[in-house]
Every structure is written in C-alpha cells, then in structure tokens.
Enquirer: 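Sharing a structure, written as structure tokens. Questions coming.
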Amino acid sequence: MSVTSPDARDTFPGITKIIGIGQSLRGDDAAGPAAVSLWQKAFQSTASRPDIIVELADLPGIGLLNLLAGASKAVLVDAVQSDAEPGTIHTLTEDHLASFELGDRSAHGWGIAETLSLGRALNLAEMPAELTLIGIEAAQLEIGAGLSPEVELALPRVASLIELIVSGAAGSGSHQSGSTLTSPK
Amino acid sequence: MNQDIHIPALARVEGEGALTIRLKDGAIDDILLNIYEPPRFFEGFLHGRHYQDVPDITARICGICPVAYQMSSVQALEAALQVTISPEVRSLRQLLYCAEYIESHALHIYLLQAPDLVGYESALSLAADDPQLVRQALQLKKIGNELLKIIGGRSIHPVNTCVGGFYRWPTIEAIHNLIPDLEWARQASIDTVKWAATLNFPDFEHDYEFVALNRIDDYAIYDGDILSSSGKRISPSDFEKHYLESHVERSNALHSHTADNGTYFVGPLARLNLNYKKLRPMARQAAREIGLKFPLRNPYKGLIARAIELVHVCDLAIELANAYQPVGSSFKEIRLLPGEGVGVSEAPRGLLYHRYVVDEQGFIRFAKITPPTAQNFAQMEADLWALAPSVVNQPQEQASLSFEHLLRSYDPCISCATHFLKLRIHRT
C-alpha cells in the first residue's frame, strides 16, 4: 500500500509545484492564490513549462500532502499574520517553518507545518526535496472583503519572487521573517 | 481536577471554538461551549446574488463538506424554480456525495478521533508509531478527493455542480479509471470496521432523540424525508416548524432545539440507528461481523458508524461508477420564476437544511442555512454536563482531554456552524 496514485508514480522527476493557499472570500487570506495567479499571467513562459504545475487551494488541510505528491520542488504561497507590516513578504524554508509555533488551526485542524511534519514522519517518498513558503503579511481576514491595498501592492513582488525561485536563481534565504508568525486561518 | 478548565482553542475539530468548565465548591457550576470564529455572514452574503452563484458560494462555507452545501442548496433552488433533474444527474450527485463521505470520514476516523481512543496526543504521534495505519487513512482520503476532483473539477472546493445539474459531464473513462482505487477503498473500509471494533470506547450512553433523513428505498444521504427516533416523520418543507434555532449569547452559532425544547442528535449515529436496514448488504455484513447491536447510544461510537458508512459509500460508488453513462445535456434549462424552496441532505456530520426565496429576476431574496453542528450544540452541551461528574475527580489535564474527546466524537464542524469552540475551567 502506498500513497502514490498511478499518475503520480508516472510523473518524471523534476516537477515543480506552485501552490497558492487561502480562501478567496476572506479578505487577505486570498493573497496566496492571487499572487500565484498574477505570476502565471506575468511570467507565462515559465508558468506554461511542462514541468511546472500550479494548484490553487482554498483550505487544503491534510490534502496538501496530495498536492505536494510527485514534486521535487514546491513553492507554497500563503497569507500569514505576524507583527510585521501588512504586505511584508516572508520567505521561509521547511526548517524555518518547523521552528515556528504555528498557532494555526487552518486546514481543519491541520496547519501547513503540521501537515508537512506528518508527511515527513510517514516518510512519504513523494514529498518534495526542496520546499519554500512565501508568506504574505495579512492586514485583515474579513469574510466577504477583498484584498487590502498593502497586500495588493505586494503581489507583483511576490510574483517576481516566485519566478526567481522557480527559475532557480534564488535560494530560499529569509527575506524577512517575523518571530511570531502565524497562519491566519 | 481542582481548578477550572479553559480550553481556549479546541484541537482536532474543524473551525475555532472554546470550552469553559466552571467549578464551585468542587462541583461543576457551569459549562460554556463558545464559538468565537467570526460569524459566517453567508446568509446575508447570498442576498441579492444570482441563484446560480449559490452552490459555488455555499461550497466555501466548509473545506471538508463543500459537496453537502452544494447538494442542499441546489435541491432547494431546484424546488424554488420548479426544476426536475434527470436520473443521470441524480446518480452523479450521489457519486459526488460518496466522494465527500470517503474523504471526510477517513479524516475524522483516523486523524481526528482515533488518536483519542488509542492514547496519542495527535495523529502525528500516531503516525510515528503506526505509519501504516496513517498511510492507509491518507490513501482513503486521497481516493475520495480524486473522485471529487473528477466530478467536481477541483479536489477541495468543487465547481461543477449547478442548479439544474452539472456544467459538464465528467468523461466515462475518468470515472471508470477510479474503480480499482474504489475497490481498494472498500476493502480498506471493511478493515477499518474490524479495527474500529478493537478500540476501547468510553462507557457513556444516553437515550438520544436521533434525527436523520430517511427513504423507503435506500440509505438516505442525498435526499429524503426527515425521520426522528421519536417516530415523527416530516417532509423537509416542515423542518422549521419542528426544529427551531435560537441565539445563545456566548456563541456566534445558533443552537437548535425540537419544538418542545428538547435536544436532538444528527450525524452518522443517527443515520445508522434509523436506517441500518437500508445499508448495502456489504456494509450490513461488516456490522454483523463485529457483533454490533442497535441502537448505538454511545456518541464515541460515531467512529464505528462512520466506518460502516465508509463501506456503504465505497460499495455504492463502485456501482454508480460502473453504471455511469451520461445521456444528453448535463443540465436542465431554467425558466425564471419567483419561488421558494427547501433542500435537505445528509452532510457527513449530519442533516444540512437550506431554504431560499428567489425573485422573478433570479436573485436571492432570502437564505437560511441550518448546519449539522449547530443542531448538535445543545446535545453536545447536555452531554458535557452528563460527563462532568465522572470527570471532575480526574487530574486536570486528563479532565480537559476527556471533555475534548467527547466533543471531537461529534465531528463538530465549527466553521460551518458559525453563523459559532476553545476550554476554560474557572474555580471560585
């Protein structure tokens, strides 16, 4: 019994997945999917490469493991809340993520850090070797509200950052990391 | 337990809530289940929207049971607009619902409730000790999500359902390709029932009023009349006369009561107790093999009920997938006319009621959504009171876990219910 589906088994090594996480109906929580969509439009030649898969997920929860399956590299883009100014862009590796106390019950009891730990604990072979989380500091998470202007302004920079990471030009060093980062959902 | 318990953020439940237990002179003085996630303004949000936006908007209420929201809403709107769907659409909706049951039940059984029963703090520690079990859970859940994606277009919030049918038929090939996975899932579900029977459930039984959908011909999930273990059977359009909601100050969620102010219980236990005989033979067989006696009056055994339902929905999904043969248009053309309609279906965690009023231009003038968790709140509080005397003498941490475990056994979906949990115990 393995967690790999037949199609995932067939994927060739070298797949990069770009995953935007957040609820589109909840204010700045939509920042992740919005940034990924903007990157797709602004960098069409990269976004249409056959080794690149884009996923937009509202509340993936533990389903994040399925979304990550088969990728050798993954970029997660999500709204976060820390003490930073709204629109601040945080770049974190999985190691950083594990060291944060995520006060996050998103994902129906499953936060991103917890879900990734579960994947590693199970030694899931399909987990990407390289994972970067781009966090966009949220100002508000009101149901029915749109993006805040500060977050909107940050999106082109996030799109450029995604492009840098995907094209391999950027390491996943810390752009800026808040010390009390929590995912907002 | 010698001081108040305050659980500010209940873990392994869906959404956000708190529980406070107040002690006075060594006895329980008050129990407050509080839901502080911002109220869901979906009902207000829908006002003035086009009827065809409703299934996609309401699907966003919950990441675990979006299909339930779509199924209750489209049925309500089809009633309002006097649309009759084709048998093929009905079958595909049933198959979509099976997908949601598989992913939701697998999540709750193994990752949310099982750690309590096998003495682990979380599924993470369970995964470290029994990775095979957790891998099986994830595989089950994944198969549910795959099926959901093939029919609904996306694995988290499906988008293909519309008032009148589906925007497009999934390909026969895509559906048939999943049959081997569903056959694996059915066997894994039978194994899950056997494993569930080996768990030690707390000794806690009550004479609940169970309420669930009921059909003469099958195990009701997609639609049906509303049946109570009191013997009362009503049509969905009479739901609001018999099951009333009231606002409770400490909570963002509404609490439901029967018309004579009693509590009632919706969810897998209610469905199984009321509809056991309608289960598919393979699911009945699985229940017989573990010697299950009905009615089940122990809320913790909701886990067993979910496991048996898993067998049922996997078996049903295989039949529906094999028979899948789309004919003609995937949706009915709709003629606008003002009207009002209700729709009720069984979300994995219980009965979900929707009512809408549509105007002559097709805009929503009124929306009412009564989610299963809101209906169970009053019963959950009553159960916490019933559990309290046996817990009050436990060590603080143990007491806190006992209360949480009871709540988790209900599979509460607080995000859905906030239109409304964390634990505080205060001592004075």
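Because only heavy atoms are used, hydrogens play no part in the values below, and waters and symmetry mates are left out as well, while side chains stay in. Chain letters run A, B, ... following the sequence lines, proteins first, then strands; residues in each count from 1.
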Enquirer: Between CD1 of Ile62(A) and CG of Asn145(B), what distance do you get to the nearest 0.5 Å?
Expert: 10.5 Å

Enquirer: Non-hydrogen atoms of chain B under 4.5 Å away: do they reach the side chain of Leu56(A), the backbone, both or neither?
Expert: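 Just the backbone, heavy atoms under 4.5 Å.
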
Enquirer: Let me confirm one number: the NZ-CG distance from Lys149(B) to Asn66(A), rounded to the nearest 0.5 Å.
Expert: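 Rounded to the nearest 0.5 Å, the NZ-CG separation comes out at 9.5 Å.
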
Enquirer: If every non-hydrogen atom of Ala127(B) is compared with every non-hydrogen atom of Leu118(A), which pair is closest and at what distance?
Expert: CB-CD1, 3.4 Å

Enquirer: What residues, two or more places apart in sequence or in another chain, satisfy side chain to side chain contact (heavy atoms under 4.5 Å, CB included) together with Gln140(A)?
Expert: Asp28(A), Glu142(A), Ala145(A), Ser148(A)

